Structures are given as C-alpha cells and as structure tokens.
Student: 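Would you mind keeping the following structure in view while I ask a few things?
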Amino acid sequence: WLVEYNAALASICFMILLGFVDDVLDVPWRVKLVLPSFATLPLLMAYAGHTTIVIPKPLVAYVGLEVLDLGRIYKLYMGLLAVFCTNSINIHAGLNGLEIGQTVVTAAAILIHNVMQIGSSTDPEYHQAHAFSIYLTQPLMATSLALLAFNWCPSSVFVGDTYTVFAGMTMAVVGILGHFSETLLIFFLPQVLNFLLSLPQLAGIVKCPRHRLPRFDPATGLLTGTKDGTLVNVYLRLFGPRSEKSLCIHLLAFQALACAFCFLLRHFLAGWYK
Amino acid sequence: MTARKRTSSAVTNPENPPPATKEHKPTVASGEDFRLAPPKLGVIFVISSLLCSLYLYLLCFHYNVDDELKRPILINAGLSLVGFFVTLKLIPVAARYVLRRNMFGFDINKRGTPQGEVKVPESLGIVVGIVFLIVAIIFQFFNFTEDSLWLVEYNAALASICFMILLGFVDDVLDVPWRVKLLLPSFATLPLLMAYAGHTTIVIPKPLVSYVGLEILDLGRIYKLYMALLAVFCTNSINIHAGLNGLEIGQTVVIAAAILIHNVMQIGASVDTEIRQAHAFSIYLTQPLMATSLAMLAFNWYPSAVFVGDTYTVFAGMTMAVVGILGHFSETLLIFFLPQVLNFLLSLPQLTGIVKCPRHRLPKFDPATGLLTGTKDGTLVNVYLRIFGRKSEKSLCIHLLVFQALACAFCFLLRHFLAGWYK
C-alpha cells in the first residue's frame with residue numbers, strides 16, 4: 001500500500017501547491033478546472049483495484065450482466081470525481097466557517113462509514129482500504145478543526161482556495177483509494193445540489209457576477225437571499241433572512257442530515273441494490 | 001544568507017514610492033503593458049548543444065542500450081522537449097501574474113545603471129516546478145505498469161519534490177526564517193527515505209579494509225540519516241551559490257548533464273538489471289529537469305529578464321538529491337557538487353555567525369566600468385574574483401560554470417582511476 005500512500009501524498013501535495021499558487025497569483029478559472037486533472041493522475045496510476053461496477057439487481061434483466069467492467073471509463077469517472085470534489089467545496093462557500101464546517105462534517109461521516117465497514121466485514125483487503133481512508137481523514141479532521149477555531153464566525157482568518165481544494169482533494173483521494181466513491185458522492189449531496197443550482201451561471205446562460213453572496217443589511221445584521229443560484233441563497237429565499245452564524249449552522253446541519261440520509265439509504269438498499 | 005537579488009525595501013514597501021532623493025523612473029509600466037524581453041534562444045542552443053551532445057551520442061550510438069530500456073528513455077526525452085516549449089510559452093504569462101502581485105526584485109548587480117531600475121519578476125521557478133511535475137506525472141503512464149515496484153519510489157520522489165516546490169514557493173511569498181528553511185526540507189525527504197528499498201551498506205575502500213576489519217559495513221539507519229542530510233545540503237547549497245544572472249540555473253544544468261552522462265555510462269557498462277533500472281530512473285527525472293531549466297535559462301541568462309527565486313533553487317537541489325539517492329550514486333553526486341561544497345565551506349564562518357554576515361554577500365558592482373570586484377565575504381563568487389581579478393557579470397558566470405564542468409570532469413577521471421583501487 002506504499003504505492004497508493006505515496007501517490008495520495010503526491011496528488012494532495014500537488015493540489016496544495018496549485019491552491020496556494022492560485023491564492024497568490026489568482027489564476028483564471030479555466031486553468032483551475034484543468035490543473036486538478038493532472039493532480040489526480042498519480043492517483044489513477046496507483047489505483048490497482050477493480051474497475052467493475054455491480055449492476056443493481058432490478059436492472060440486471062435489462063443489462064444482461066451482473067458485473068460490468070468499465071475499465072478506462074471508471075478511471076475517467078475517478079478523475080472527474082476528484083475535479084468535482086476539489087471545486088465543489090470552493091463554490092459552496094462565502095460564510096464564516098462554512099468551508100471548514102462542511103469538510104469536518106463530511107470527514108466525520110467518512111470516518112463513521114470507514115469504521116462501520118471495518119467492523120462488519122471479514123475481508124482483510126476491505127479492512128485495509130478503509131483503514132487507509134482513516135489514516136488520511138483523521139489528520140484532515142484534526143488540522144481542519146484547529147483552523148476552524150480561528151475561522152468560525154466571526155472569522156479572524158480566511159482559508160483561501162488553498163484549503164478548499166486541499167480538503168476536496170483529500171476526500172476524493174480517500175474515497176477513490178478506499179473504494180467507496182459512490183458513498184462519498186452521497187455525502188456530498190449539498191455540494192452536488194449547489195453545483196446543479198450554479199450550473200446556469202457557471203455555464204454563462206445566466207449572468208454570473210464576481211461574487212454570488214447573499215445581501216447583507218448592516219442595520220439588522222441579517223443576510224437576505226439574492227437571485228443567484230447557490231445553496232446559500234436558495235436556503236435564504238426559502239426560509240427567510242438569517243444572521244450569518246445561524247445560516248452557517250443551518251447549512252452544516254443540512255450537511256449532517258445528508259450524510260445521515262446516506263447511511264439510511266445504504267441500510268435499506270443493501271439487500272435490494274446489490 | 002541567500003544572495004537574493006533584491007533589496008528588502010522593494011519587497012516590504014510595494015505601495016510606497018522610493019525615497020524622494022532617488023529619481024523614480026517609470027521603466028516598467030503597469031501589468032497590462034508589461035512585455036518580457038524575448039528569450040535568448042541562441043544562447044540556449046549553444047548551451048544545450050554543449051551539454052547534451054555527449055550524452056545523446058553515448059545513449060544512441062556508443063553504448064548498445066537495450067531497446068526495452070531505450071524506448072522509455074526516448075519517450076521521456078520527447079516529453080521533456082514538450083516541457084521545454086511549454087515552459088518557454090508559460091514564463092511570460094506567469095511573469096505578468098507575478099508582477100501584478102508585486103513579487104519582483106531589483107538587480108543589485110546593476111545598481112547605478114538604467115537596468116538596475118527595472119522591476120524583475122521573481123519566483124518564476126514555480127513555472128519550472130509545475131511543468132516538471134506534470135511531465136513527470138504523465139510519463140508514468142508510458143512506463144510503469146500498475147504493480148511495478150518502481151512505482152513506489154517514483155511516487156515517493158514526486159511527493160518529495162512536490163513538497164519541496166511548495167515549501168520553496170511559500171518561502172518566496174512569505175519569506176520564512178532561515179531556521180525553518182533548514183528544518184522543513186528534512187520532512188520533504190521523508191517519503192524518499194521510506195521508499196528507499198536498497199542496501200544501506202557501504203563498501204570499505206580496499207586500502208582501509210585491514211584497519212576496519214570488514215569489507216562491507218552495514219550502516220543501516222545512519223545511511224538513511226546521511227541521505228536526509230544530503231538532500232538538505234543539496235537543496236540549500238545551490239541557494240547560497242547564487243547571485244549572478246544565470247548562475248543558479250547554469251550550475252543546475254551543468255550538473256544535470258554530468259548526471260545524465262554518468263547514468264548512461266553506467267547503463268552501458270553494466271549487465272545487472274537492478275543497476276540499469278536505477279540509472280534509468282535517474283534519467284527519467286533528470287531529463288525533464290534539464291529541459292525545463294534550459295527553457296527558464298532562456299529568460300534568466302544575462303541580462304536576466306526573470307529571477308528564479310528560492311522556488312527554483314530548492315526544487316533543483318531536491319530533484320538532484322532524489323535521483324542521486326534513488327539511483328544509488330550519491331557519492332558521485334557529491335563530487336559533482338564540489339563547487340557547492342567549496343562554497344558551503346567558505347561560507348561556514350559567516351553562516352555560523354563567527355564572522356559578521358551581511359544580508360547580501362554579493363560582490364561590489366562598479367557602474368562606471370561595469371565590472372564586479374570581490375568583497376571579503378566567504379563565497380566562491382567573491383573568492384574567485386579576488387584570485388582572478390575583476391570581471392563583468394556575464395564573464396564571471398561563464399567562468400564559474402566552466403569551473404563546475406571541470407569539477408564534474410574531474411569526478412569522472414577520479415572514478416576511472418580509482419575504480420580498481422577503491423573498490
């Protein structure tokens with residue numbers, strides 16, 4: 001597993017480098033999209049696992065196979081997953097403590113998932129994969145919590161792109177090398193939602209301003225949702241104006257609920273799906 | 001103690017205009033109008049030919065290298081060539097971004113002339129580092145299968161080098177204290193030490209066998225300590241043997257050429273597949289280093305249009321330490337580094353504080369004659385000037401690079417003559 005560990009380190013380190021260079025030099029966003037793909041390459045090389053997916057039982061009749069070997073397409077999926085993770089945390093941001101907050105909530109879910117899989121399985125390969133994920137997620141959790149001590153509302157420091165891409169990459173890495181990337185995607189439900197909401201503006205169909213933050217009213221101290229397509233704004237429009245701290249806590253609770261929903265989903269679909 | 005080519009005031013007060021007594025000439029306009037001087041491709045062509053021709057001749061014609069080994073080497077060479085052109089294209093782009101963030105310096109060795117007023121973009125080593133990493137990462141797909149043992153060492157090398165580039169760039173941006181600069185590279189070498197699966201024995205030189213009582217001595221952990229110290233030494237020694245336009249990259253490409261020649265000689269002369277793999281591994285990382293560095297040298301050669309920053313020097317030092325360690329030729333590497341060792345020894349009194357150590361230990365520049373004069377500082381640059389008289393910056397740099405080449409040639413001679421006697 002030294003290969004996978006070093007590949008993980010190389011990928012994460014390269015991502016931190018790119019994040020820091022971006023923070024210093026402010027690279028254009030097209031570059032920001034392409035470069036993480038290179039950062040994931042060591043990972044893809046080192047991924048020595050199966051590239052097959054298990055067809056859900058109800059669909060077996062239609063597809064005709066029980067197990068489908070995707071080969072290179074699976075690697076493409078992993079590459080896209082990494083690019084998605086690194087960028088999605090970046091756009092679901094803007095409130096004090098939101099970036100680190102979503103990371104630690106997701107990390108906690110990852111750790112719980114890992115230990116559950118280790119406890120309920122007898123396959124040593126399986127144990128190793130999830131232990132590997134723990135080895136990288138625990139440091140992520142600890143260092144992030146330390147930063148959160150300064151970044152929680154009201155923030156005395158900002159995290160920069162350096163943190164968001166690093167956190168996203170680390171979680172993508174553990175998801176890929178721990179072989180639980182689909183579970184990871186469901187943990188990332190709020191980020192996926194946010195990405196889908198943002199698509200019109202990111203694609204340029206709707207006008208996209210430099211910042212898509214909610215509007216702050218100094219008199220009341222409350223944030224009001226604008227028409228921008230982000231989860232932050234949509235939440236405010238649905239549930240009314242809030243203070244920044246309260247909104248952040250609500251969104252983190254939503255993140256935790258999404259993770260809990262994932263665990264429920266896995267529990268109920270266990271027999272039916274696979 | 002790094003001979004940084006900038007005055008600290010330029011870095012700490014980017015917004016304030018220079019003192020009123022000095023006439024402030026608007027030389028370089030705002031970022032939008034900035035145009036980097038064109039790359040000196042002619043110089044690069046000459047330097048490349050001088051350095052690479054012997055290596056390419058040995059690789060392709062002189063030695064009968066196994067096709068299975070030659071193919072990846074040539075693929076790597078091709079990728080490195082692409083890296084050369086990519087770096088060439090990216091440096092002007094990056095220079096604009098870097099200047100926009102006020103990361104620049106003034107050329108101290110031109111102070112008093114109009115050239116000394118020009119804002120020179122700093123830390124362009126980041127471009128070299130990133131292109132190198134991308135080339136190295138892409139190359140993996142052409143050579144290693146997924147369960148290859150070399151993949152561990154390759155990824156460990158990438159992790160170490162990447163971490164070093166990160167630390168170098170952070171240092172360039174944040175200017176970390178030198179004690180931190182000494183300590184952190186040790187962490188960057190750790191992945192390397194973990195992955196080093198080779199022997200930790202040394203062969204006792206034949207004349208000493210009777211005294212020591214053993215033919216082979218297993219140093220175990222001490223050998224790993226030696227490797228870590230070697231890496232820390234390499235990363236820092238290039239940094240202090242600097243200060244002239246083109247010197248940092250120049251010494252790197254000269255040593256890299258020597259490394260490549262040594263590698264191909266060992267591949268040609270050996271039948272042991274392990275040894276050939278080790279030296280091929282070294283080639284896979286040194287070719288991209290060479291190519292991207294030469295591209296940067298096109299801009300950094302006298303007179304420098306960009307500065308390399310600590311980012312480049314620590315990256316180059318680390319890469320060479322990595323190939324030396326994983327290619328199992330670290331003693332040879334140390335002899336290639338003879339000028340750097342000399343410079344380090346000369347600098348010791350000032351580094352340890354026994355002799356007063358100024359911020360910059362550069363030679364004194366006389367704007368009237370355009371020549372540099374050696375000061376009493378303990379650096380190879382100054383000592384060379386004191387022995388051989390005043391020189392222009394370009395001439396001095398060429399002299400020092402020739403000295404570097406001579407040191408490498410001396411190493412080859414030494415190996416040749418001591419081959420039977422030493423081992």
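Below, each value reflects all heavy atoms present in this structure, side chains not excepted, and no hydrogens, waters or symmetry copies. Reminder, nothing fancy here: chain letters follow the sequence lines and each chain counts from 1. Remember, predicted model here, so these are calculated numbers, not experimental data.
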Student: Relative to chain A, which segment of B/V93 carries a heavy atom at a distance below 4.5 Å: side chain, backbone, both, or neither?
Tutor: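 When you check distances to chain A, no heavy atom of B/V93 falls under 4.5 Å.
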
Student: What I want to check is whether the side chains of B/N239 and B/D310 have a donor and an acceptor closer together than 3.5 Å.
Tutor: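 B/D310 and B/N239 do have a side-chain donor-acceptor pair below 3.5 Å.
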
Student: Sort B/V98 into side chain, backbone, both or neither according to what part of it lies under 4.5 angstrom from a heavy atom of chain A.
Tutor: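 Contact with chain A involves both backbone and side-chain atoms of B/V98.
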
Student: A/L9, A/L18, A/D26: which one forms the most heavy-atom pairs within less than 4.5 Å of chain B?
Tutor: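 Of A/L9, A/L18, A/D26, A/D26 has the most heavy-atom pairs under 4.5 Å with chain B.
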
Student: Using a cut-off of under 4.5 Å on heavy-atom pairs, state which of A/P28, A/A8, A/S11 scores highest against chain B.
Tutor: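 Most pairs with chain B among the choices: A/P28.
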
Student: Dump the intermediate steps for side-chain contact (heavy atoms from CB on, under 4.5 Å) on A/Y5 and A/L136, then the final yes or no.
Tutor: CA-CA 9 Å; A/Y5 200 77; A/L136 289 177; 4.1 Å; yes

Student: Side-chain donor-acceptor pair under 3.5 Å between A/N194 and A/T230, yes or no?
Tutor: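 Checked: A/N194/A/T230 side chains show no N/O donor-acceptor pair below 3.5 Å.
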
Student: Quick check on B/I165 against chain A: is it the side chain, the backbone, both or neither that has a heavy atom closer than 4.5 Å?
Tutor: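 Both parts, backbone and side chain.
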
Student: Within a reach of under 6.0 Å around CD1 of A/I73, are more than 12 heavy atoms found that belong to other residues, nucleotides or ligands?
Tutor: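 12 or below, so no.
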
Student: Between A/F195 and A/H92, is the gap from one ring center to the other below 6.0 Å?
Tutor: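 Judged by ring-centre distance (under 6.0 Å), A/F195 and A/H92 do not meet the cut-off.
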
